[in-house]
2 protein chains.
Amino acid sequence: MPHAFDALADPRRRAMLEALAVQERSVGELAELLALRQPATSKHLAVLRDAGLVADRHEGRRRIYRLVPEPLVEVDDWLTPFREAWSRRFDALAAHLDAMEDP
Amino acid sequence: MPHAFDALADPRRRAMLEALAVQERSVGELAELLALRQPATSKHLAVLRDAGLVADRHEGRRRIYRLVPEPLVEVDDWLTPFREAWSRRFDALAAHLDAMEDP
DNA sequence: CACATCCATTCCGAAAGTGGAATGTATTGG
DNA sequence: CCAATACATTCCACTTTCGGAATGGATGTG
């Protein structure tokens, strides 16, 4: 089972997640949205499912995929130690701008 | 030039960024920290550099790498539309727990 | 000026990711 | 029951990625 970061490396898979964040969708709808063929779409969805980022249910002969946001929370948590690093940057920039305004 | 998400897919590169978030380090120090050989370390650093996640400067015959957090801000921004999705989940969970406490 | 150190780069071979075509399976419609 | 629809899966070629070994360049040291 791969990590969420592995699944997020592909831009089409990120686009799938963006689409699923709006509403759940079938494989065919996702394929049309991303201009992908059906097998490629199913394979990308399998990667997302293995990473726990999507889940699916059956509805007639269609398969409806929905977003599972929990792994993205882990990504968000991973970013936490870095937020301090870039807030330091913004603080430095703000101080610099203040110094420019103050003659 | 690859996207930040491509660089983040590898766990060792993520560990490098974590180490560089604490302080800047030379290639040799990173190699020892991650138990990688020097060429492998340099290659991973090249990926991070191409993604704009690190920068380097020369200090004698050593090369010192430092974190460049800006691309991580983009990752953070990408997560924004999803935060609503998982806050909805937490709200639903909280409501559920409230209902359990309330007989 | 040798010689060692620190690192980037190149050249392999192995492994993994990706798309297309074909095939298999379950469900629906006639 | 038979054909069509909606997917998943398998097989195959192609490309990319990755590590190790070897090499080369630049900077110190004696």
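What you are looking at is a predicted structure, and each value in this text was computed from that prediction instead of being measured. Below, chain A is the first sequence line, B the second, and so on; all start at residue 1.
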Legend entry - Phosphate OP1/OP2 of dC7(C) contacted by His58(B) side-chain N/O (<4.0 Å): no
Legend entry - Between C1' of dG17(C) and CG of Asp10(A), the distance in whole Å: 9 Å
Inset, instruction - Write down the distance between NE2 (His3(A)) and P (dA16(C)), rounded to a whole number of angstrom. - result: 19 Å
Inset, instruction - Return no unless some side-chain N or O of Ser26(A) is found under 4.0 Å from OP1 or OP2 of dC7(D). - result: yes
Inset, instruction - Check whether the side chain of Lys43(A) and the base of dG19(C) form a donor-acceptor pair under 3.5 Å. - result: yes
Inset, instruction - Go through dG28(D), dG19(D), dT18(C) for me and flag the one nearest to the Arg13(A) side chain. - result: dT18(C)
Inset, instruction - Starting at atom CG of Asp56(B), determine the distance to atom P of dT27(D), rounded to an integer number of angstrom. - result: 14 Å
Inset, instruction - Measure from CD1 on Ile64(A) to C1' on dT5(D) and round the result to the nearest Å. - result: 14 Å
Legend entry - dT9(D) OP1/OP2 closer than 4.0 Å to side-chain N/O of Ser42(A): no
Inset, instruction - Measure the distance from CD on Glu59(B) to C1' on dT27(D) and round it to the nearest whole Å. - result: 13 Å
Inset, instruction - Please determine, for the side chain of Arg49(A), which listed nucleotide (dT18(C), dA21(D), dA8(D)) has the closest atom? - result: dA8(D)
Inset, instruction - Round to a whole Å and report the spacing from CG of Asp6(B) to P of dT16(D). - result: 13 Å
Legend entry - Distance test, side-chain N/O of Arg37(B) to OP1/OP2 of dA8(C), below 4.0 Å: no
Inset, instruction - Please check if Val47(A) and Tyr65(A) belong to a single hydrophobic cluster, counting links between Ile, Leu, Val, Met, Phe, Trp and Tyr side chain heavy atoms closer than 4.5 Å. - result: no
Legend entry - Arg61(A) CZ to Ser26(A) OG distance, which is reported to the nearest 0.5 Å: 12.0 Å
Legend entry - Non-hydrogen atoms of Phe5(B) and Val75(B) that approach each other most closely: CZ-CG1, 3.8 Å
Legend entry - Rounded distance (Å) that lies between atom P of dA6(D) and atom CD of Glu32(A): 12 Å
Inset, instruction - Would you indicate which nucleotide in dT29(D), dA6(D), dA22(D) comes nearest to any side-chain atom of Arg61(B)? - result: dT29(D)
Legend entry - Shortest non-hydrogen separation from Ser42(B) to Val27(B) and the atoms involved: OG-CG1, 3.9 Å
Legend entry - Length of the CG-P vector between Leu36(A) and dT18(C), whole Å: 11 Å
Inset, instruction - Could you tell me whether the side chain of Gln38(A) has a donor or acceptor atom within less than 3.5 Å of a complementary atom in the base of dA6(D)? - result: no
Inset, instruction - Indicate whether OP1 or OP2 belonging to dA6(D) is found under 4.0 Å from a side-chain N or O atom of Tyr65(A). - result: no
Legend entry - Residue-phosphate contact under 4.0 Å: Arg63(A) side-chain N/O, dA8(D) OP1/OP2: yes
Legend entry - Side chains of Val68(A) and Leu53(A) in contact at under 4.5 Å (non-hydrogen atoms): no
Legend entry - Nucleotide nearest Arg12(A) when distance is taken to its side chain, options dT9(D), dC6(C), dT18(C): dT18(C)
